[in-house]
Amino acid sequence: MSSQYQFSDIEKKWRLAWEKSELYKIEIDPNKPKYYVLDMFPYPSGSGLHVGHPLGYIASDIVARYKRLKGFNVLHPMGYDAFGLPAEQYAIQTGQHPAITTEQNIKRFREQLNTMGFSFDWTREVKTCDPNYYKFTQWIFSLFFNHWYDTLAQKAKPIKELEQHFSVHGSKNSCVYPGDFTPFSAAQWRAFSPLQKHEILNQCRLAFMDETTVNWCEAMGSILANEEVVNGLSERGEHPVIRKKMKQWSLRITAYADRLIEGLNRIEWSNAIKEIQRNWIGKSQGAEIEFVVRGTLKTLRVFTTRPDTIFGATFMVVAPELENLSEFCTEKNWPSVSAYANKSRNRSEIERMAETHKTGVFTGLEAINPFTGEPIPIYVGEYVLANYGTGVIMAVPAHDERDFAFAKSFNLPIIPVIKPAHSELDLPLTEAFSAKEGTCFNSGFLDGLSVADAISAATAKIVKAGWGKTTVHYKLREAGFGRQRYWGEPFPLVYDAQGIPSILESLPVELPSVEIYKPTGNGKSPLSALTQWVNTPKGIRETDTMPGWAGSSWYFLRYTDPNNPQDFASKEALHYWNQVDLYIGGSEHATGHLLYSRFWTKFLFDLGFIAWDEPFQRLVNQGMILGEDGQKMSKRWGNVVNPDDVCAAYGADALRMYEMFLGPITDSKPWNTQGIEGVSRFFGKFWRLFYHGENWAVTDIPATKEELKILHKTIKKISDDIENLSFNTSISAFMVAVNELTGLQSRKREILEPMLVLLAPFTPYLSEELWHRLGNSGSSNDKRIDSMSIHTTQWPMHDSGYLTEDYFAYPIGINGKTRAQIEFDLNASEDEIQAAVLGHAMVVKWMAGKPMKKFILVKGRIVNVVV
RNA sequence: GCUCGGGUGGCGGAAUAGGUAGACGCGCAGGACUUAAAAUCCUGUUUUCAGAAAUGAAAGUACGGGUUCGAUUCCCGUCCCGAGCACCA
């Protein structure tokens, strides 16, 4: 056995030993409290890892190991989000089946993870592309299909119950979300054809077919989700994206909008992520108001959050995409209006956003402002969006910047109705006064009211007069759930001759093999070419596949019981492992995965499958590790550091320790290759506490009070720091302790053995090795290595008795400036201390004969003399 | 533009129920060991001024104010950086 620290031999030896003994395999154990610590599901890319990737895994592994040592039964699994575009793109390029390349990537990924010494229970590995897994993804989809949302009960209910309701009561009191179908009676329902029934039920199902404007990317031959489009270009590849009507499956996430906002108050996530989700859901409280179109029986319904400004509404604007646009236009004006509308419709998002000034066309019609009775012109204008609110606005140019700009270009009247509470407006206005505080004027019965009061007063009047109602609108859109792609979960359904879908009960519906992976270009997936597969005795299959986020929206539940063939997870496993206690991953998933997972969790909660409705109790977003030049690590900049190289040169323990030492886990910070030397030197120093030259130097001599103080101070610090995920400071504490012990030439088992346990979560290999060299090896015929592994021992308790001091060297300040330091017994009285301080030569000097005004003593902290 | 974070040595960063600013590490400088180098170890290292030195003084946590015996920490204003959202009525 070498007296030197030879990390490569040590790490290899223990890696094999741990694997052989299945050290990290866990089972339900009702006698132990559970702890579930999870890393975000990685996509097994072929390009390998850089040192930034494992950052979160190292942090979660430290917590997992710490919790185990504290006596918790820790669930710490790993798996792969294996469906998705990159594997498919690779298949298109190389003609290799994505399942094969994905499997190769997974193998390599797992090797890299194992090198770094993570304590994953690999018997629980899940892959979203495995039929044994996606069988349940398909099953959950069928649950969405078979449920509707009851707005009164605020939960999902079986569609059968709704059909029952319809056949007895018709649509009356059905409380179905969103419920904007034409009302019908029970008799009518019973008389409806299957197709008519389907069309109504489709408007109720939580998974439904939606004719929507989608983001169509020609280059990729697919629809993209809103979050996959950045500034009118595809996030991946930066291809142009246009808007296109398409029928596809969607999930009715907006039914859960309120609960998704509310739940944020009950979870420990960063403010940033909560705020992003709130913005994304974009709830606004307001009113819908009917404006009569002058000279017709028609009305235009607007949505506004500022009914207090209605006396200043001087025109209206309708969105060009509005279906029934022609109804709100005179015949004479129709040619110019429809020309404008067509142009807008065909313009891409980028073009429309690039437009700096407001455009529009007069419709020739006027509406009556219900409050003033005055007619106001109706325009069609691109700046009004069809898919938000009602697609129609009342424009108040004095108090809205966009309306102001529009009024300026069309020379429309600008009537101010709100002024600052304690000053006057400068008239004429040069810009909109859009503050949400102020006082009403020019506003009839609202004059003198504050904005808040005027909103309630105006709303009350609107409701009382029957002009409208209070409503809530959301920015959140329904979640498009179809991709015209090959490498994803097939939908478990077929359509009959009339196009009515029905669920296939026998799961999984396996993804068939194809010859050509490339999208067809006509908007259909490669599966549509497989006529034999598509045509079944029961009907025609859906050929879209599910999006990448389908499998990742529930994988954390599967880990609790990953090999269960009957259920997505057993009741017992779900009950025992419960919520994820700590979830670590990047913040880029704020509006995708993290929102969808919360949605699915709430849905499964409604159905009674799980007893909690938030998946991740505590979420931590790790920062990025930048290249040494301070730029993002990428091949393009040539600044990528490969963890394999670091492990080979310094060892996995050093990589783990150094990544944690760089700075707070949540911060982005640059990598510095020289910095890792510091960690290496620390290992050397620590090792030399055990070895003096060639010789083993640890003794059983009892430790001194001073040594015990160092140990217990460190136990307390490390325990607190891990709980707070403050790993950088715990590593400093280790270094301080080792420096102090080296100074004392302290080589006692009583100190070093607990120090090793403290270090074990950070440096699993080094700690295990020295633990065994200390003699914790059990008998040679003991086959179960975990009975003697440091990773199954107990975390030391700190004894505050060793930490209390008898004396403290007080800094003595004169008017707040430290001028001297005097040691006092901590039990000394204030009078005693004051007398001694005032008699001290330095104090006398700095008081310079001036009288003392005040004497401040903070016990154990500071003394300050005020003169 | 709006929202949320954040500005501390040459660098990564410590320290906030208000109490000795700069822990720990990197880098740098000097020294020990060595024929020499590497490795290792030791010492110093916020800035300015005075001093040969020990040391002493002043300033200092983006900037300007305020509260306080005392502010990196709390309050007000300004500037800068990062992230998110962005015609959402």
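Note on naming: letters A, B, ... go to the chains in the order of the sequence lines (proteins, then strands), and numbering restarts at 1 for each one.
OP1 or OP2 of B:rC41 has at least one side-chain nitrogen or oxygen of A:Arg688 nearer than 4.0 Å. Residue A:Lys817 places no side-chain N or O under 4.0 Å from the OP1 or OP2 atom of B:rG60. Between A:Ser270 and the phosphate of B:rC4, there is no side-chain N or O to OP1/OP2 separation shorter than 4.0 Å.
When Watson-Crick and G-U wobble pairs are counted only if both distances are under 3.5 Å, B:rA32 pairs with B:rU40. Base pairing analysis places B:rG82 opposite B:rC4; the two distances defining the Watson-Crick or G-U wobble pair are each below 3.5 Å. Pair assignment for B:rA57: B:rU48, on the basis of Watson-Crick or G-U wobble contacts that are both within less than 3.5 Å. Pairing of B:rA89, defined by two Watson-Crick or G-U wobble distances under 3.5 Å, is not identified with any nucleotide.
If you take NE2 of A:His399 and P of B:rC87, they are 23 Å apart, rounded to a whole angstrom.
Here B:rC87 is the nucleotide among B:rU3, B:rC87, B:rA58 with the atom lying nearest to any side-chain atom of A:Tyr383. When distances are taken from the side chain of A:Arg681 to each of B:rC26, B:rA89, B:rG19, the shortest belongs to B:rC26. Among the nucleotides B:rG84, B:rA89, B:rG25, the one closest to the side chain of A:Ile276 is B:rG84.
Remark: the A:Lys358 side chain and the B:rC87 base include a donor-acceptor N/O pair separated by less than 3.5 Å.
Side-chain rings of A:Phe315 and A:Phe406 approach one another, their centers coming within less than 6.0 Å.
Along RNA chain B, the nucleotide nearest A:Phe808 and the nucleotide nearest A:Gly391 are compared for position; the residue whose nucleotide lies closer to the 5' end is A:Phe808. Mapped onto RNA chain B by nearest heavy atom, A:Val736 and A:Tyr474 fall at different nucleotides, with A:Val736 at the one closer to the 5' end.
Using a 4.0 Å heavy-atom distance criterion, A:Asn387 is classed as making no nucleic acid contact. Within 4.0 Å (heavy atoms only), A:Gln821 reaches at least one base atom of the nucleic acid. Contact annotation for A:Trp671: no contact, since no heavy-atom pair falls under 4.0 Å across all strands.
For B:rC2 and B:rG9, the C1' atoms lie 36 Å apart once the distance is rounded to whole Å.
Between A:Trp687 and A:Tyr5, the ring-plane angle classifies as tilted under the 30° and 60° cut-offs.
In this structure, a donor-acceptor pair under 3.5 Å is absent between the side chains of A:Tyr650 and A:Thr673.
In this structure, A:Arg278 places its CZ atom where more than 12 heavy-atom neighbours from other residues, nucleotides or ligands lie under 6.0 Å away. For A:Glu823, the CD atom is densely surrounded, since the number of other residues' heavy atoms within 6.0 Å is greater than 12.
B:rG82 takes the anti form, because its glycosidic angle lies more than 90° either side of 0.
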So which protein nitrogen or oxygen atoms get under 3.5 Å of nucleotides 8-18 of chain B's nitrogens or oxygens?
{"from": "B:rG12", "atom 1": "O2'", "to": "A:Leu662", "atom 2": "O", "distance (Å)": "2.5"}
{"from": "B:rG13", "atom 1": "O3'", "to": "A:Asn728", "atom 2": "ND2", "distance (Å)": "3.4"}
{"from": "B:rA14", "atom 1": "OP1", "to": "A:Asn728", "atom 2": "ND2", "distance (Å)": "3.0"}

Could you pull out the protein-nucleic contacts involving nucleotides 66-69 of chain B (nitrogen or oxygen on both sides, under 3.5 Å)?
{"from": "B:rC69", "atom 1": "O2'", "to": "A:Asn864", "atom 2": "ND2", "distance (Å)": "3.4"}
{"from": "B:rC69", "atom 1": "O2", "to": "A:Asn864", "atom 2": "ND2", "distance (Å)": "2.6"}

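Figure legend: A:Lys358 and A:Tyr383 shown as a cation-pi pair, the cationic atom lying under 6.0 angstrom from the six-membered ring centre and within 45 degrees of its axis.
Between A:Lys343 and A:Glu382, no side-chain nitrogen of the basic residue sits less than 4.0 Å from a carboxylate oxygen of the acidic one, so the salt-bridge criterion is not met.
Side-chain atoms of A:Lys854 never come within 3.5 Å of backbone atoms of A:Val866 as a donor-acceptor pair (strictly under, hydrogens ignored).
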